[in-house]
Undergrad: 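Before I ask anything, here is the structure I am working with.
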Amino acid sequence: MAKLKPTYVCQSCGNVTPRWAGRCEACGEWNSIVEENTSGGIGAGPKAARASGRPIELVSLSGDSEDAIRIPTRSGELDRVLGGGFVVGSAILVGGDPGIGKSTLLLQAAASLAQQGKRVVYISGEEAVGQVRLRAARLGVADAPVELASETHIETILATLEKGKAPDLVIIDSIQTCWTDRIDSAPGTVTQVRTSAQALTRFAKKTGAAVVLVGHVTKDGQIAGPRVVEHMVDAVLYFEGDTSLTYRILRGVKNRYGATDEIGVFEMAGSGLREVPNPSALFLDQRDTGAAGSAVFAGVEGTRPVLVEIQALVAPSPLGTPRRAVVGWDSSRLSMVLAVLETRCGVRIGSNDIYLNVAGGLKVSEPAADLAVAAALISSLTNSPLPADAVYFGEVGLSGGIRPVVHANLRIREAAKLGFGAVNTARLGSGDRAEGVEISEYAALAELVGRIAAAGSDNAE
Ligand code: TYD
Ligand code: MG
């Protein structure tokens, strides 16, 4: 056998070097490099790999397959994002800011499954048993037969889980507090989190339990520590929202067993999270209908239409470089809409400070919001409130044209259901209509701008 070269791996970022050093070149961490034995594994050459591996049987693409077996949680919103319930043998990462309600959401899901007769184990690494019990009492689920422990040592957790009947659902709150004694770095470091997550994912595959890992999110929106955990698990869900408001949005960002564009909407109440089956009503609840700069966007999240208010404020700027602040939308998309308004519609807007906000803490990523944003901007600039019963959707092209978007019919019907009588959009196919709704179709953004400005000057007279 060829002589093995040792390799050195940074325990903080995973960088591999051929030489030991006191400081990792890649991440700058001190004292994080450890010698690792790679004999027989990747990096040991094809000969060594042949010696240690046994051939397996290769199969064709067609043939028997198993449908994913799901355990529904009875929470319509959670099930929607999961794609119909927890998949047996899958690992799910639930990320979110501290205090957003991850533990609350999962304790409620755990209780619901336990009440259906499933074996559910809740391991809290952050809170003592007493604290979790207090929360359970507050949520009114203290009598649910959830098995609870407060523990962070992975080997202890696995030994506990392997005792008795295999659990159906395991919740680890949170993965950042877990540590394994196979590795010598502090809990919360990349290697600890990665190794712990690996062990738990393997446990899920082996026993058929659905394992939920709770992860904290850093300021820049990543799950703290390792992105690698995201690659290891079958689904990644983010729980987000403005902590000063009561609604929370659960969003799928990766799902091997379902769609990723679905959202679940919840409302944080005194007794836990309540589902919001009709989020449009909630997002429009606080709307100030008489104000200039407010436009209602008829959006679609996954398979569900969601109406949200887009607020714009255009104010003269004292600065050489005017300010742009965007919450809940893409700022480069705003720059594009502004450039189209300037060059294609002749609107002098670029020298103003511009603030744009999607009300209710929702993040909108559809290009279909372009038209609503443009309408809100023009309304604010000309100080002319938009009609209270109008909704907007359509994608603005660089040429100044308005392009139709998918699910027009769904958006129109949702608008009609909530009492909006005027839909402003691109030229549609003939089929997309709803009773009692007047549809104004525009080929170019300039037409809409002209209409809003004309309504504004009528008001002023
Ligand atoms: P928590 O689930 O502990 O958040 P995370 O696990 O994401 O850190 O929820 C924390 C917040 O939720 C806390 O500020 C209090 C609030 N809350 C309620 O408003 N009502 C409730 O019934 C519960 C349990 C929590
Ligand atoms: Mg928590």
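One-based numbering, in listed order, for ligands and for the atoms of each.
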Undergrad: With 2.8 Å as the threshold, which protein atoms of type N, O or S lie near the Mg ion (ligand 2)? Leave waters out.
TA: Ser103 OG
Undergrad: Looking at Leu319, I want to see if its CG is surrounded by more than 12 non-hydrogen atoms of other residues, nucleotides or ligands under 6.0 Å.
TA: yes
Undergrad: Just checking Lys163: does its NZ atom have more than 12 heavy atoms from other residues, nucleotides or ligands closer to it than 6.0 angstrom?
TA: no
Undergrad: Could you tell me which residues satisfy salt bridge (Lys or Arg N to Asp or Glu O under 4.0 Å) with Arg403, sequence neighbours excluded, listed by chain and number?
TA: Glu395
Undergrad: Mind jotting down which protein residues get a heavy-atom contact under 4.0 Å with ligand 1? Chain and number order, please.
TA: Asp97, Pro98, Gly99, Ile100, Gly101, Lys102, Ser103, Thr104, Arg135, Arg138, Leu139, Met268, Ala269, Gly270, Ser271, Gly272
Undergrad: For Glu25, look at atom CD and say whether over 12 heavy atoms of other residues, nucleotides or ligands are found less than 6.0 Å away.
TA: no
Undergrad: If you take all heavy atoms of Ala390 and Val296, which pair is closest and at what distance?
TA: O-CB, 3.7 Å
Undergrad: Quick one: ring pair (Phe, Tyr, Trp, His ring centres under 6.0 Å) pairs with a partner in residues 124-155, sequence neighbours left out?
TA: His153-Trp179
Undergrad: If you count every heavy atom of other residues, nucleotides or ligands that lies below 6.0 Å from Arg256 atom CZ, does the total exceed 12?
TA: yes
Undergrad: Quiz question: by atom type and distance under 3.5 Å, do the side chains of Glu366 and His407 form a donor-acceptor pair?
TA: no
Undergrad: Work out which heavy atom in Ser124 is nearest to a heavy atom in Glu127; give both atom names and the distance.
TA: OG-N, 3.1 Å
